[in-house]
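Data block below; observations after.
In what follows, every chain begins at residue 1, and chains take the letters A, B, ... in the order their sequences are listed. If you're wondering where the values come from, they're calculated on a predicted model, not measured in any experiment.
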Amino acid sequence: MQPKNLQRLLRALGRQGLDVTYSDVYDGLRLRTYSVRLANSPDTPAAEVLLPEGFPVEAKALKQLANLANVRHPAGGCVCRACATPDFHPGDAGVAIGSVVETVDQVIPGAVGSDINCGMRLHVADLTIDEFLKKRDLFVERMKGDYFFGTRDVTMTAHTMRALFQYGVPGWLDAMLDNATGSVVKSDLQQLSQECDRIFLDGSMNGNWKLAPAELVPDDGLVRDGGLGTIGSGNHFVEVQRVDKVENRALAHAWGVREGQLAFMIHSGSRNVGKYIGGMWRDRAKAAWPQGLKYPESHIFPLSAHSHPELVASYLAAEATAANYGFINRLLLAELLRLRLREVYGDIEAPLVYDLPHNITLPSADSGDKANSQSKIARWVTRKGACPAYVGQPVIIPGSMGAYSYLMVGKGNPAFCHSASHGAGRVRSRFELNRKGASHTEAELGLTGVDCITLREERRIEEAPAAYKPIQSVIDVQVEANMVDVVARLSPILTFKA
DNA sequence: ATGTGC
């Protein structure tokens, strides 16, 4: 940006009450960062924003981020660190997508939002693309049946449903194993169970999932659920891909990933469960704001661990309930696809590579250490539209439809709250692309050659490549900033959008 | 994000 334009932008942001510092050097590298805080709150942390090459910062998103960094409960609790990933953009509930905050003695339900545990899941399969394409039509027909018409309702016992909410994937599988018969094959469930041990019981979740309130499901009888095994809308999808290029052979090998393999990537969440719980707790946090004090201007309400530890615990329990539902939803979407792969192409294992939550509250990476446990400081990290990127752990970043996606490894950069982007970042609204009278050609939308399977044409348009930043600039800047490193690049074959 | 909703 020209110095003159930059000065103008900074002055405009200043008029909106923002104190902004711009730098084109970060950590000795030529990277663009903004550091932002509310001018009237100099004692709150400045939020760090990393930007990709060639895209201006959005004032509204900066304001939302500064507001979030300033959230503090009068009874005790504050934000100790805040940042935004390079795909960040304004959110409709006052919190920007791509925001990450670390909090002390408070949790902020609104900073997770209502799309609880939306996230990514990646599988690979030993099948060449040529083999896949030979029976592509049959495979697609069956998947359409599963994803668009098939499993509208999943019926299970109240016991199984409770296990799902309370104990997550491992507990749910145990409950399934108890009465697995017929089409539910025990050996399959046992295999899944082992995968879950690897993913969910590796300590990263700190047992956080065993908190869900029991009263959410009936004691006995059958429960019909309409959300499990459904993709959802917006940017959610299931995509068949090719492992196009392996950049880190050692890690790819360790994770079971090889060049030329078929892969499938799932981006989905907790559907109505998260919406219900996220909305309910946004209201409850507001209602718990101290009587007689005026509301914070941002209307983002924290729950204090000082004045209301029981509300903090209940919220985390409710959030975990929805998170469990999200994990199992992605698992079922993967199982449906794996089932059809086997039917159409023969005995293929299609193992899980990893599964990651985008919208969730986790114990802070620092909270488990000795100093913290002695001082009894409660710390959390809350992400909204950002991917965990802890040292050595897999990171999955999808590009837009038709673009590459990336399997990466986290570098655990504390300046960016051990996080990475959750995608390329939207630059044009759904409304803008779909409004009456607007007509874009396939080429203008970037849809040429994209194999998108959907029942609704508007989905293709709203989610067209032209609606997003190019992924490469977003990946590059995060590699340069030492947040992540590329392990493998994946190219799209076909995409299911509901 | 939400079997969306002015």
Side-chain angles (χ1 to χ4, degrees), chain A residues 60-61 64 68 85 87-100 108-121 144-155 224-238 266-283 300 318-319 321-327 329-330 332-333 356-361 382-387 398 400-401 421-438 454-463 467-468 496-498:
Chain A
K60 188 178 174 188
Q64 290 181 342
L68 182 62
T85 54
D87 59 339
F88 103 126
H89 57 93
D92 58 9
V95 179
I97 319 299
S99 303
V100 187
I108 310 171
V112 175
S114 57
D115 186 16
I116 297 168
N117 191 14
C118 143
M120 300 303 305
R121 186 178 174 97
K144 276 166 89 168
D146 293 328
Y147 283 165
F148 303 149
F149 309 113
T151 52
R152 283 319 303 180
D153 292 299
V154 174
T155 303
R224 284 177 60 177
D225 183 280
L228 286 172
T230 61
I231 296 174
S233 57
N235 59 354
H236 289 175
F237 65 83
V238 175
I266 294 165
H267 183 194
S268 185
S270 54
R271 314 292 281 106
N272 260 335
V273 176
K275 183 189 186 249
Y276 172 76
I277 287 173
M280 179 169 73
W281 279 92
R282 196 189 305 273
D283 295 345
I300 307 169
E319 196 202 287
T321 304
N324 285 333
Y325 189 92
F327 280 127
N329 186 37
R330 287 198 289 278
L332 286 174
L333 288 166
L356 287 152
H358 286 159
N359 299 344
I360 208 159
T361 306
T382 296
R383 296 185 177 84
K384 185 186 177 69
C387 186
S400 58
M401 232 197 289
S421 81
H422 82 315
R426 186 174 273 283
V427 286
R428 295 169 77 186
S429 72
R430 281 169 231 182
F431 175 75
E432 186 187 337
L433 286 165
N434 232 349
R435 76 181 137 210
K436 274 207 173 83
T454 182
L455 301 179
R456 303 164 82 176
E457 184 63 16
E458 65 268 28
R459 290 276 179 255
R460 292 179 78 241
I461 297 164
E462 291 162 356
E463 296 299 317
Y468 289 86
F496 296 96
K497 301 277 298 184

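Atom P of nucleotide B:dT2 and atom CZ of A:R282 are separated by 14 Å, given to the nearest angstrom. Remark: C1' of B:dT4 and NZ of A:K275 are 8 Å apart, rounded to the nearest angstrom. Regarding A:Y325, its OH atom lies at a distance of 13 Å from the C1' atom of B:dT2, rounded to whole Å. Taking atom CZ on A:R271 and atom C1' on B:dT4, their separation rounds to 11 Å, with Å as the unit. Taking atom CG of residue A:D92 and atom C1' of nucleotide B:dC6, one finds them 15 Å apart after rounding to whole Å. Rounded to whole Å, the distance from CD1 on A:I231 to P on B:dT4 is 16 Å. Atom-to-atom, CZ of A:R456 to P of B:dT4 comes out at 7 Å; the value is rounded to the nearest Å. In this structure, A:W281 places its CH2 atom 22 Å from P of B:dT2, rounding to the nearest Å.
Residue-level contact check: A:N359 touches neither bases nor backbone, having no heavy atom under 4.0 Å from any strand. Looking at heavy-atom distances under 4.0 Å, A:G113 makes no contact with the nucleic acid at all.
The two residues A:I231 and A:A498 have their closest heavy-atom pair at CB-CB, 4.3 Å.
OP1 or OP2 of B:dT2 lies within a sub-4.0 Å distance of a side-chain N or O belonging to A:S233.
For the pair A:R459 and A:E463, nearest-nucleotide mapping onto DNA chain B gives the more 5' position to A:E463.
Counting only heavy atoms from C-beta outward, the side chains of A:I97 and A:H422 approach each other to under 4.5 Å. Inter-residue side-chain proximity for A:L455 and A:F149 is flagged as met; some heavy-atom pair is nearer than 4.5 Å.
Considering only residues two or more places apart in sequence or on other chains, A:Y468 meets the side-chain hydrogen bond (donor to acceptor under 3.5 Å, both in side chains) condition with A:R426, A:E463.
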